[in-house]
Amino acid sequence: MDATIVEVPKPPAGRLPFLRLLARLVSNPVASWGEDFYDEPIVVYRDFGLETVFVTDPELTQQILLDDSDAFTKSPLYDNVLGRAGGKGLLIAEGDDWRWQRRIAAPLFRAEALLSYAPAFAASCEPVLARWRKAGPGSLQIIGKDMTEAAMQALQDTILGADLRTQDRKMVSEAGTAFLSSTTWKIAYAALKLPAWTPHPGSSSMRRAGDNLREVAARVLANRRLGRGDGADLLSRLVAARDQATGAKMSDSLIIDNVVTFLMVGQETTAQALTWALYVLAFFPEWQDKVREEVRHVMGAGPLGAGPLSANQLEQLGLLEAVFLEAMRLYPPAPSLMRITRRPVKLGEVELASGATVVIPIYVVHRHRLLWSDPLRFDPSRFAPEARAGRHRCAYMPFGTGPRSCIGGAFSMLETKAMLATFLAGARFELPAGEVPVPLARITLRPKRGLKLKVTMLH
């Protein structure tokens with residue numbers, strides 16, 4: 001079978017004028033990146049007194065995110081896009097504020113500290129598996145919705161340490177969708193240097209959604225302050241954490257900022273990564289069979305094997321990990337990063353003034369013709385140890401890289417591996433005729449009209 005994915009949407013054949021590029025960016029950034037983006041190391045736009053560059057070269061990316069990272073800032077981009085909900089949490093904070101938060105939170109996200117959550121990640125899939133079991137063989141399921149439910153359950157069991165009320169779960173789901181759906185307007189306005197308060201379609205819904213997310217986060221923290229939960233969840237540990245240098249704790253306001261990030265971006269990233277992985281495995285059923293065989297060998301024959309999935313078992317799932325990493329290459333859960341230059345900077349031969357907008361389109365980097373052989377081919381061998389060792393760290397960045405890389409990257413990798421293994425052990429996934437999901441970038445990468453798969457339970 002041909003191992004090439006269906007490329008949708010097709011990149012524009014020629015370079016788009018700047019305003020047309022922005023118009024497409026608002027609709028779907030993936031559809032705005034032209035063919036030249038996939039061939040060139042850097043694409044530069046200088047129009048209307050504005051400088052906007054799209055960087056795909058790994059060495060230049062390393063300069064931006066690592067070697068000369070102080071010359072670039074997330075502000076005001078991320079403030080404008082996410083600040084209403086995320087406040088000054090880790091995702092948005094800069095400078096000393098960011099370093100202080102990172103110092104407190106980093107020990108909580110070390111891989112060795114997260115391994116005990118493996119059984120909870122696997123168990124979070126069971127409500128979805130139970131519903132599929134009742135639906136009958138070959139039933140058509142809305143996979144994105146199901147993965148969101150499972151990811152929310154995992155978030156409750158491992159990060160929040162308590163179940164959200166039904167109305168709060170509904171509020172988070174609706175508010176997250178409403179908030180993220182309008183983010184491309186914010187990004188386009190930021191590229192045009194328009195004030196953050198400039199109205200755009202969906203701006204009032206976005207404000208309400210941000211307020212609703214903060215309301216739920218505040219309620220979650222209040223419950224934790226009342227001592228509800230066993231104290232093993234990440235939120236309890238964050239509440240108790242102190243800066244080793246000063247003994248200071250994180251304020252309630254900052255904790256709420258970070259809980260909103262968990263609610264909005266954390267579970268959304270997991271849900272979309274799982275959705276795309278199941279799509280790829282349904283598209284390439286021979287790979288699905290190979291991974292399932294590995295999972296069953298490691299876990300046992302039942303949906304959850306002979307007992308809860310352990311961290312030791314996860315470490316034995318080398319093929320599953322390679323398949324999942326390759327799925328994230330083709331469909332990275334976070335499809336782009338953005339920065340603003342703090343001062344004049346030279347990227348290769350391109351000189352940029354202070355205030356230039358710099359975009360790293362990770363979706364393009366992962367499919368770039370100068371970086372990957374036959375980039376549209378699904379090939380998990382790209383992530384064999386020897387292949388990974390010879391690859392530039394900035395050629396593959398599903399969780400970013402450098403000091404501002406996702407603090408939850410190890411958590412997310414452990415979570416998604418455990419959940420993907422559990423779903424594959426329990427069910428078979430088939431692609432209905434004519435089902436071709438269109439990647440849509442909205443902070444995360446999601447199928448534009450959702451994804452439906454035929455699901456048959458194996459037990």
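Bear in mind the structure is a predicted one, so any value in this text is a computation, not a measurement. Hydrogens, waters and symmetry mates play no part in the numbers below; they use all other heavy atoms, side chains included. Numbers for residues simply follow the sequence, beginning at 1.
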Please list, chain by chain and in numerical order, all residues satisfying ring-ring contact (aromatic ring centres under 6.0 Å, His included) with [X], sequence neighbours excluded.
{"X": "Trp372", "value": "none"}
{"X": "His368", "value": "none"}
{"X": "Phe109", "value": "none"}

Going by distance alone, is a donor N or O of one side chain under 3.5 Å from an acceptor N or O of the other, for [X] and [Y]?
{"X": "Gln316", "Y": "His297", "value": "no"}
{"X": "Asn312", "Y": "Ser310", "value": "no"}
{"X": "Arg393", "Y": "Thr401", "value": "yes"}

Quick one: does any side-chain atom of [X] pair with a main-chain N or O of [Y] as donor and acceptor, under 3.5 Å?
{"X": "His200", "Y": "Ala188", "result": "no"}
{"X": "Gln288", "Y": "Leu281", "result": "yes"}
{"X": "Ser27", "Y": "Arg24", "result": "no"}
{"X": "Thr341", "Y": "Gly355", "result": "yes"}

| query | Can you list the residues that meet the side chain to side chain contact (heavy atoms under 4.5 Å, CB included) rule with Thr158, with sequence neighbours excluded? | reply | Tyr117, Ala120, Phe121, Phe411
| Partner set under side chain to side chain contact (heavy atoms under 4.5 Å, CB included) for Thr148, not counting sequence neighbours |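 Scan of Thr148 (side chain to side chain contact (heavy atoms under 4.5 Å, CB included), adjacent residues dropped) gives Gln267, Ala271.
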Pairs meeting criterion salt bridge (Lys or Arg N to Asp or Glu O under 4.0 Å) with involvement of [range], two or more places apart:
{"range": "residues 321-342", "answer": "Glu94-Arg342, Glu321-Arg388, Glu321-Lys417, Glu326-Arg329, Glu326-Arg382"}
{"range": "residues 262-272", "answer": "Glu268-Arg446"}
{"range": "residues 273-284", "answer": "none"}
{"range": "residues 48-58", "answer": "Arg46-Glu51"}

Less than 4.0 Å between a side-chain N and a carboxylate O, is that true for [Y] and [X]?
{"X": "Glu149", "Y": "Arg169", "result": "no"}
{"X": "Asp146", "Y": "Lys452", "result": "no"}
{"X": "Lys170", "Y": "Glu174", "result": "yes"}

| task | Start with the C-alpha gap between Tyr363 and Tyr331, add the side-chain angles, then the distance that decides, and say whether ring pair (Phe, Tyr, Trp, His ring centres under 6.0 Å) holds. | result | CA-CA 7 Å; Tyr363 182 93; Tyr331 301 102; 7.1 Å; no
| said: Ring-plane angle category for Trp132 and Phe423, please: parallel below 30°, perpendicular beyond 60°, tilted otherwise. | reply: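 Judged by the thresholds at 30° and 60°, the geometry between Trp132 and Phe423 is tilted.
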| request: Name the orientation class of the two ring planes belonging to Phe18 and Tyr45 (parallel below 30°, tilted from 30 to 60°, perpendicular beyond 60°). | output: tilted
| query | Residues two or more places apart in sequence or in another chain: which of them pass salt bridge (charged side-chain N to carboxylate O under 4.0 Å, His left out) with Lys10? | reply | Glu7
Show me the side-chain donor-acceptor pairs of residues 257-265 shorter than 3.5 Å, one per line, residues at least two apart or across chains.
unit_1, atom_1, unit_2, atom_2, d
Asp257, OD1, Arg214, NH1, 2.7
Asp257, OD1, Arg214, NH2, 2.8
Asp257, OD2, Lys88, N, 3.0
Asn258, OD1, Leu90, N, 2.9
Asn258, ND2, Gln101, OE1, 3.1
Asn258, ND2, Leu254, O, 3.0
Thr261, OG1, Asp257, O, 3.3

| field | Exceeds 12 heavy-atom contacts within 6.0 angstrom, atom CZ of Arg391 | value |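 Result for CZ/Arg391: enclosed.
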| task | Give a yes or no on whether Lys193 atom NZ has more than 12 heavy-atom contacts from other residues, nucleotides or ligands under 6.0 Å away. | result |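 It does: Lys193 NZ has more than 12 such atoms within range.
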| said: Centroid separation under 6.0 Å, is that true for the rings of Phe383 and Tyr396? | reply: yes
| request: Could you give me the CA-CA distance, side-chain angles and deciding distance for Ser139 and Gln141, then say whether side chain to side chain donor-acceptor pair (under 3.5 Å) is met? | output: CA-CA 6 Å; Ser139 59; Gln141 301 294 336; 2.9 Å; yes
Please list every donor-acceptor pair under 3.5 Å in which a side-chain atom of residues 35-44 meets a protein atom from a residue at least two apart or in another chain.
unit_1, atom_1, unit_2, atom_2, d
Glu35, OE1, Arg369, NH1, 3.2
Glu35, OE1, Arg369, NH2, 2.5
Asp36, OD2, Arg15, NE, 3.3
Asp39, OD1, Arg369, NH1, 3.0
Asp39, OD2, Arg369, NH1, 3.0

| query | Do the non-hydrogen side-chain atoms of Met206 and Ser181 ever get within less than 4.5 Å of each other? | reply | no
| Pick from Val345, Leu65, Ile340: which one makes a side-chain contact (heavy atoms from CB on, under 4.5 Å) with Phe72? | Val345
| task | Taking the six-membered ring of Tyr189 (Phe, Tyr or Trp), confirm whether the NZ or CZ of Lys186 is under 6.0 Å from its centre and within 45° of its axis. | result |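 Lys186 over Tyr189 ring: no.
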